[in-house]
Amino acid sequence: MVEERTGLTQDVLRVWERRYNAVTPGRSAGGQRRYSDADIERLRLLHALTRGGRSIGQVADLPTAEIARLAREDAAGRLLGDSSGSDGAWGRVAEVVEPAIVHARALDAARFDAGIRRALALFGLPVFLEAVATPILRRIGDEWHAGRLTPAQEHLASAALHDLIAESTRGMVAEDGAPRILVATPAGERHAIGASLVGAAAAAEGWHVIALGPDLPAMDIAEAADSTGAALVAVSLLYSPDAERTVAELRALRTRLPAGIELLAGGPGAVALTDALAGSGIRIGATLGDLRDALRERRGSPVA
C-alpha cells in the first residue's frame with residue numbers, strides 16, 4: 001500500500017529509513033512496519049523532491065512543512081517553466097480538464113476519478129489544486145448554471161474532487177505551535193468543495209486547519225474561532241443566490257470576531273460581493289494565490 005501511495009519501492013523505503021531516518025514507522029507485534037498517514041505524506045513529498053533533482057540527503061531531515069513548501073515551489077517551477085507547445089506542462093493540464101468535463105457529463109465516475117488522480121500524481125497537491133481542481137470546478141459550475149450539466153453531473157464531479165483532496169491532505173499534520181486557520185462556509189452556502197480547497201492549500205503552507213464544513217451561521221463560526229485560538233478565519237463562497245443575506249452574515253461574522261482574527265472571504269461568490277463588503281474589514285480573495293499571500297503575511301513570511 002505504501003509503495004502504491006508514494007511511488008517508492010520497498011528497497012528505497014528501507015534505505016531512506018535506515019540511512020537517512022526519513023521516517024520512523026511504528027511496528028506491529030510481529031515486527032511489521034506500520035506507516036501513519038503522516039509518514040506516507042512525508043514520503044510522497046520527499047519522492048517529489050528527489051524526482052525534481054534534489055538529493056535525499058539534503059532534505060530527509062527537514063520538517064514536513066518545509067518539505068511541502070519546497071515540493072510546491074519545485075512543482076510550480078516545472079509547470080511555469082514548461083508552458084510552450086502541446087507537449088508542455090500546461091498542455092498536460094488541458095488534457096486533464098477537458099476530459100474531466102466529458103466524464104462528468106457522462107456520469108462516468110471511474111474515469112473522472114482516475115483522471116484527477118493521475119493529475120495529482122503528476123503535478124503534486126499545490127499545483128493540482130490551482131491548475132487542475134480549480135479550473136474543473138469553475139467549468140463545472142459555469143456549465144451547471146448555464147443548464148448544460150444536471151445537478152447529478154455537478155455533484156459527481158464535486159464529490160470526487162472533495163474526496164481526493166480530503167484523502168491527500170489527511171496526513172499533513174501541522175507542527176506543534178503552527179498557527180490555526182478555521183475554514184467554513186457561511187449560512188446559505190452548502191457547497192463544501194471550495195472550503196476543502198482552502199483547507200488543503202493552508203495545510204500545504206504548514207497551518208493547522210480546523211474544517212467546520214458548510215452552511216454555518218456567523219455566531220457558530222465566531223464561537224469556534226474563539227475557542228480554538230484561530231489566527232485567521234476563511235469562508236468559501238462559490239455562488240450566492242441571496243446576496244443580501246450573505247452580506248449580512250459576513251458582516252455579522254466580522255463584528256463577532258475579535259479584531260486580532262483576520263477574516264478572509266474567497267471564491268467567485270465572494271468576489272461578486274466585493275463592492276457590497278467594502279469597508280467591512282473583510283479581505284476578499286479571488287484565488288488560492290490570494291489565500292497563500294494572506295497566510296504568509298500572517299506568519300510574517302515573505303510573499304512569493
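- Contact record, Leu291 with Ala201: CD2-CB, 3.8 Å, taken as the closest heavy-atom pair.
- Both Leu156 and Leu164 are assigned to one and the same hydrophobic cluster, defined by single-linkage of ILVMFWY side chains at heavy-atom distances under 4.5 Å.
- A donor-acceptor pair is defined here as one N or O able to donate and one able to accept, closer than 3.5 Å; no such pair exists between the side chain of Glu66 and the backbone of Pro63.
- Between the side chain of Asp290 and the backbone N or O of Ala286, at least one donor-acceptor pair lies under 3.5 Å.
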Subject >> side-chain contact (heavy atoms from CB on, under 4.5 Å) between Leu70 and Leu62, worked out >> reply: CA-CA 10 Å; Leu70 292 174; Leu62 294 175; 3.7 Å; yes
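- For the atom pair CD (Glu205) and CG (Leu295), the distance works out to 6.0 Å, reported to the nearest 0.5 Å.
- With no hydrogens or angles considered, no side-chain donor-acceptor pair links Ser280 and Arg251 at under 3.5 Å.
- Glu41 and Ser168 get closest at one heavy-atom pair: OE1-O, 3.5 Å.
- Formation of a donor-acceptor pair under 3.5 Å by the Arg44 side chain with backbone atoms of Gly7 is not found in this model.
- From Phe123, atom CZ reaches atom CD of Glu130 across 13.0 Å, with rounding to the nearest 0.5 Å.
- Taking both residues in full, the closest heavy atoms of Ala65 and Gly206 are given as CB-CA, 4.1 Å, listed atom of the first, atom of the second, then distance.
- Residues Ser158 and Glu154 have side chains that bring a donor and an acceptor to within less than 3.5 angstrom of each other.
- Other residues, nucleotides and ligands contribute at most 12 non-hydrogen atoms within 6.0 Å of the CH2 atom of Trp144.
- Placement of Val198 and Met172 within a single hydrophobic cluster is found when ILVMFWY residues are connected by side-chain heavy-atom separations under 4.5 Å, directly or transitively.
- Judged by distance alone, with hydrogens and angles left aside, the side-chain atoms of Glu262 form no donor-acceptor pair with the main-chain N or O of Leu232 at under 3.5 Å.
- Listed for the Gln153 side chain is a donor-acceptor partner under 3.5 Å among the backbone atoms of Thr150.
- With hydrogens and angles ignored, the 3.5 Å screen pairs no side-chain donor or acceptor of Thr134 with any backbone N or O of Ala131.
- The closest side-chain heavy-atom distance from Leu161 to Phe112 is below 4.5 Å.
- The salt bridge (Lys or Arg N to Asp or Glu O under 4.0 Å) analysis of residues 139-153, with sequence neighbours excluded, yields the pairs Glu98-Arg139, Arg105-Glu143, Glu143-Arg148.
- Panel note: side chain Glu3, backbone Gln10; a donor-acceptor pair is recorded below 3.5 Å.
- Counting heavy atoms from C-beta outward, Arg5 and Tyr35 have side chains that stay 4.5 Å or more apart.
- In terms of hydrophobic clustering, with Ile, Leu, Val, Met, Phe, Trp and Tyr side chains grouped at heavy-atom distances under 4.5 Å, Val15 and Leu46 are assigned to a common cluster.
- The line from OG1 of Thr50 to CG of Leu8 is 7.0 Å long, rounded to the nearest 0.5 Å.
- Taking each heavy atom of Pro214 and Glu189 in turn, the nearest pair found is CB-O, 3.6 Å.
- A heavy-atom distance below 4.5 Å is not found between the side chains of Ile116 and Leu120.
- Atom CD1 in Ile210 sits 8.0 Å away from atom OG in Ser227 (nearest 0.5 Å).
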Original post:
Should Thr246 and Leu250 be marked as a side-chain contact (heavy atoms from CB on, under 4.5 Å) after you check the CA-CA gap, both sets of side-chain angles, and the distance that decides it?
Top reply: CA-CA 6 Å; Thr246 301; Leu250 293 178; 4.1 Å; yes
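- Distance CG/Leu216 to CD/Glu223: 11.0 Å, rounded to 0.5 Å.
- The shortest distance between side-chain heavy atoms of Met1 and Ile40 falls below 4.5 Å.
- Just one residue in the list Val2, Leu13, Val23, Thr64 forms a side-chain contact (heavy atoms from CB on, under 4.5 Å) with Asp39, and that residue is Val23.
- Taking all atoms of both residues into account, the shortest heavy-atom contact from Arg180 to Thr228 is CD-O, 3.0 Å.
- Residues Ile221 and Val183 do not share a hydrophobic cluster, defined by chaining ILVMFWY side chains whose heavy atoms lie under 4.5 Å apart.
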**OP:** Please lay out, stage by stage, how Leu197 and Leu137 fare under the test side-chain contact (heavy atoms from CB on, under 4.5 Å).
**Re:** CA-CA 11 Å; Leu197 291 173; Leu137 287 169; 3.5 Å; yes
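- Here the CG-CD1 distance, from Leu264 to Ile284, works out to 7.5 Å after rounding to the nearest 0.5 Å.
- Ile165 has its side chain within reach of Ile193: a pair of non-hydrogen atoms, C-beta onward, lies under 4.5 Å apart.
- Pairing each heavy atom of Ser236 with each of Pro186, the nearest pair is O-CD, 3.6 Å.
- Side-chain contact between Thr169 and Val209: absent, with no pair of heavy atoms (C-beta onward) separated by less than 4.5 Å.
- Here Asp163 pairs with nothing under the side-chain hydrogen bond (donor to acceptor under 3.5 Å, both in side chains) rule; sequence neighbours left out.
- Using modelled atom types, one side-chain atom of His47 and one backbone atom of Thr6 make a donor-acceptor pair closer than 3.5 Å.
- Pairs of residues two or more places apart, or lying in two chains, that qualify as salt bridge (Lys or Arg N to Asp or Glu O under 4.0 Å) and include a residue from residues 8-36 are Glu17-Arg33.
- Note on Leu238 and Val271: separate hydrophobic clusters, where clusters join Ile, Leu, Val, Met, Phe, Trp and Tyr whose side-chain heavy atoms are under 4.5 Å apart, directly or indirectly.
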Subject >> CA sep, side-chain torsions, deciding dist, call: Arg190, Thr185, side-chain contact (heavy atoms from CB on, under 4.5 Å) >> reply: CA-CA 7 Å; Arg190 297 174 181 172; Thr185 77; over 6 Å; no
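- The closest side-chain heavy-atom distance from Arg118 to Val96 is not below 4.5 Å.
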